[in-house]
Every structure is written in C-alpha cells, then in structure tokens.
Amino acid sequence: MKTISKIILLSLTVMAFVVKANAAGDVKFSINDGVASAELKTQMEKHVSSLLSALNAAQRENRDIRYDASVITTEAQQQIDMLWMNVHFFCEESDIVERCLTTSNGYQVRNIPLVLTPLAGEKIDEDYQEAVINFDKKGTIVSFFFTIGMNMYAKVMQNKSEISDIRRRMQILDYVEHFRTAYNMKDMPFLQQVFSDDALIITGRVVKVEKSDLFPQGNKVLYKKQTKQQYLTNLGNAFKAAKYIKVNFDDIKVVAHPTKANVYGVTLHQEWNTNRYSDEGIVFMIWDFTNEDAPKIHVRTWQPDWIDKDKGQRLNPNDVFTLSDFVL
C-alpha cells in the first residue's frame, strides 16, 4: 500500500512539474535541415528558443520584453518592441521544428506560429500570425517580421517564369514582409526610407454617379494622387489616431519589368483593420532593387476590392494597375 501511495505521489509530482513547465511558456525550437555546422545550428536553436520564451513570459505577465542581448541585435529588439506597443503576441507551441533557409546575408527560419492578443481595453479577437526570423552568418537574430502566408511565399518562390533568380525572389518577399510589418508597428522611419523622394501614390475610392452606358452600375472609382510627403503625413495622422493597426497581405504576384533591370511590379490583396476603420483592396507597387541594400518604392496604388459589396460587384481585373500603366 505504501508503495502504491509513493507511486501516486511521484506521478502527481511529475504532473505538477509538467504543468508548471508548460505554464512558464518555455519554447524549444529545433532546426531539422539547412545548417551544415552543428555548432551554429545549436546556437541558432538556443537563440530562437530564448526569444520565444521571453515573448511568452512578457505576454503572460503583461510587461515589456526582457531580451538576452547576446542572442539578438538592438535593431531587432526595437522592431519587436514597436510591434509590442501595438499588439502583444505569444507562441503557444512548446516544441517547434522548422528547416533553415540560406539568405544573401545569413540565414532565415519561417513559419513561427504566434497568437496575437489585444492590449488591455481593446475589443478585438485573438489572431493567428506567423513570423520570420533572420540571422546574420554568426547566428545572431537581426530581424523579426510578420510573414505573408506560406502558400503565397511558396507560389512566388516556385514561379521561375517571372523571375529566374531565386535570390532576388527571396529579397523581394523579405522586403514585402518588412513593408507589411512596418504598418503593424507604425514604423514611420522605415516608410520614409523605403519610398523614393518622387514616389507616386494613388488611392481610389468608389463614388456614386448617374447610371449610363459607361457606368451601368451607377458606381465609379475616383482616383487621388499624392506625393510621398502628403501620403506619409496622412499616414502618420492615422497612426496617431489608431490604438492598433493590423495589416495582412495575400494573393501576391511579382512580375519583372520587361525592359528595366532590377525593377519589379508587386500586386497583392490588402486587409487593413484598426479600432477606427477597416477596408480591403488591391495594392500595386513598383519596387526598384538597383541598390539591393536600400530598395525603393517608386509607385504605390490602392484600389477598392469591391465596387458594390452588397451586390457582389468586384473591381474588374482589367482595371487593376500594372507595370504597363506607368513610365519610369
């Protein structure tokens, strides 16, 4: 009887330890492929595990994130802190296994599962997102962004007919993800940097007009042009007014310019949500990668996805902006 009691007590003790460990939110990250050096692989695994565990502790205790400065750069810490000011997030998986990709500057791991949670007093639902973590060649974490969906990433990476250089495809997607995350973390310095000084910004909105042969539905899209400074000023005001901003990109397509090297058209579907306003539309951008370390956006357009959502009327695909609509 005493032996049985001891076994039960031991079992309860083990269970309590497991529950306590899970409650602590520690995350174990493993790399199953992509890093030749066993020492580097182990170091990168420890770095990601440390970061995700720190995020979980901060979210659970509703406080700032306490980083291990030996695993992550100051710049990457600032990126995460800017996101943290907008929305909190944690990793509910205790054991993650992913492959590692080689980039031009180091390494990358994708598909890091995160749950986004509203800040105190905000009435928004939890949301699932994935993160991408970039490392330098020594395995130090140098950036942290929210990703586009894995199916979209794979679609672009596998499309050799448009852009044959796999390294360039990866660069474009990395910057698109950085661009998307910049809205989520209200990163005005990055947006100021990434738009060229003479960037053209075009925004469309649906207006009612008299029905005619040209506008049989009684709706048309009215377009407004803005300079870079006008756009960023208006965007800065929107950032200040919104408690949170949640931007998602999907249905991405990347096309190389037919005559200009290093210039690409990027078309994607955007969902924009804040506590004050939400919309969905089609974003087209012209990116110039002549300077790979500091690519520029020359054109950004936004068109409404729906002409009349109640009637199921979408924007005609033939009316969506493309590279042929602009002369650089």
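With respect to Asn134, the side chain to side chain donor-acceptor pair (under 3.5 Å) criterion is satisfied by exactly one of Arg110, Gln108, His178: Gln108.
Aromatic ring pairs are classed by plane angle as parallel below 30°, tilted from 30° to 60° and perpendicular above 60°; the pair Phe326 and Phe284 is parallel. The aromatic rings of Phe190 and Tyr175 sit parallel, their planes meeting at an angle under 30°, below the 60° perpendicular limit.
Within 6.0 Å of CE in Met188 there are more than 12 heavy atoms belonging to other residues, nucleotides or ligands.
Residues Thr267 and Ile282 come closest through the heavy atom pair CG2-CG2, 3.9 Å. The minimum heavy-atom distance linking Ser143 with Ala76 is given by the pair N-CB, 3.8 Å. For the residue pair Pro113 and Ile96, the shortest heavy atom distance occurs at CD-CD1, 3.8 Å. Residues Leu323 and Tyr264 come closest through the heavy atom pair CD2-C, 4.3 Å. Closest non-hydrogen pair, Cys100 versus Met44, comes out as SG-CE, 3.7 Å.
Every residue meeting the side chain to side chain contact (heavy atoms under 4.5 Å, CB included) condition with Lys28, not counting sequence neighbours, appears here in chain and number order: Ser30, Asp95. Legend: residues meeting side chain to side chain contact (heavy atoms under 4.5 Å, CB included) with Lys309, ordered by chain and number and at least two apart, are Glu280, Trp306. The salt bridge (charged side-chain N to carboxylate O under 4.0 Å, His left out) search around Asp251 returns none, not counting sequence neighbours. Evaluation of the ring pair (Phe, Tyr, Trp, His ring centres under 6.0 Å) rule for Tyr67 yields no partner, not counting sequence neighbours. Residues that satisfy the salt bridge (charged side-chain N to carboxylate O under 4.0 Å, His left out) test with Glu61, not counting sequence neighbours, are Arg63. Contacts of Asn111 classified as side-chain hydrogen bond (donor to acceptor under 3.5 Å, both in side chains), with partners at least two apart in sequence or in another chain: Glu98. Listed by chain and residue number, Asp136 satisfy the side chain to side chain contact (heavy atoms under 4.5 Å, CB included) test with Lys138 (two or more places apart in sequence, or in another chain).
Using a cutoff of 4.0 Å between basic side-chain nitrogens and carboxylate oxygens, Lys228 and Asp198 are not scored as salt-bridged.
Using a distance-only test at 3.5 Å, with no hydrogens or angles considered, a donor-acceptor pair links the side chain of Gln303 to the main chain of Asp319. Judged by distance alone, the side chain of Asp325 and the main-chain N or O of Thr322 form a donor-acceptor pair under 3.5 Å.
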Name each donor-acceptor pair under 3.5 Å that joins a side chain in residues 179-186 to protein atoms two or more places apart or in another chain, with its distance.
unit_1 : atom_1 : unit_2 : atom_2 : d
Arg180 : NE     : Val247 : O      : 2.7
Arg180 : NH1    : Thr147 : O      : 2.5
Arg180 : NH2    : Gln129 : OE1    : 2.8
Arg180 : NH2    : Val247 : O      : 3.1
Arg180 : NH2    : Asn248 : OD1    : 2.6
Thr181 : OG1    : Phe146 : N      : 3.1
Thr181 : OG1    : Phe146 : O      : 3.3
Thr181 : OG1    : Glu177 : O      : 2.8
Tyr183 : OH     : Tyr231 : OH     : 2.7
Asn184 : OD1    : Val247 : N      : 3.1
Asn184 : ND2    : Arg180 : O      : 3.0
Asn184 : ND2    : Val247 : O      : 3.4
Lys186 : NZ     : Phe239 : O      : 3.1
Lys186 : NZ     : Ala242 : O      : 2.6

Sequence neighbours left out, cut at 3.5 Å: what donor-acceptor pairs do the side chains of residues 31-40 make with other protein atoms?
unit_1 : atom_1 : unit_2 : atom_2 : d
Asn32  : OD1    : Arg99  : N      : 3.3
Ser37  : OG     : Glu39  : N      : 3.4
Ser37  : OG     : Leu40  : N      : 3.2

Which atom pairs, donor and acceptor, lie under 3.5 Å between side-chain atoms of residues 291-299 and protein residues at least two apart or in another chain?
unit_1 : atom_1 : unit_2 : atom_2 : d
Asn291 : OD1    : Asp293 : N      : 3.1
Asn291 : OD1    : Ala294 : N      : 3.4
Glu292 : OE1    : Arg167 : NH1    : 3.1
Glu292 : OE1    : Gln171 : NE2    : 3.2
Glu292 : OE2    : Arg167 : NH1    : 3.3
Glu292 : OE2    : Arg167 : NH2    : 3.1
Glu292 : OE2    : Arg168 : NH2    : 2.7
Lys296 : NZ     : Gln193 : O      : 2.4
His298 : ND1    : Ser196 : OG     : 3.1
His298 : NE2    : Asp288 : OD2    : 3.1

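For residues 65-94, the set of pairs meeting the salt bridge (charged side-chain N to carboxylate O under 4.0 Å, His left out) definition, not counting sequence neighbours, is empty. Here side chain to side chain donor-acceptor pair (under 3.5 Å) pairs that include residues 40-50, with residues two or more places apart or in two chains, are Lys41-Glu45.
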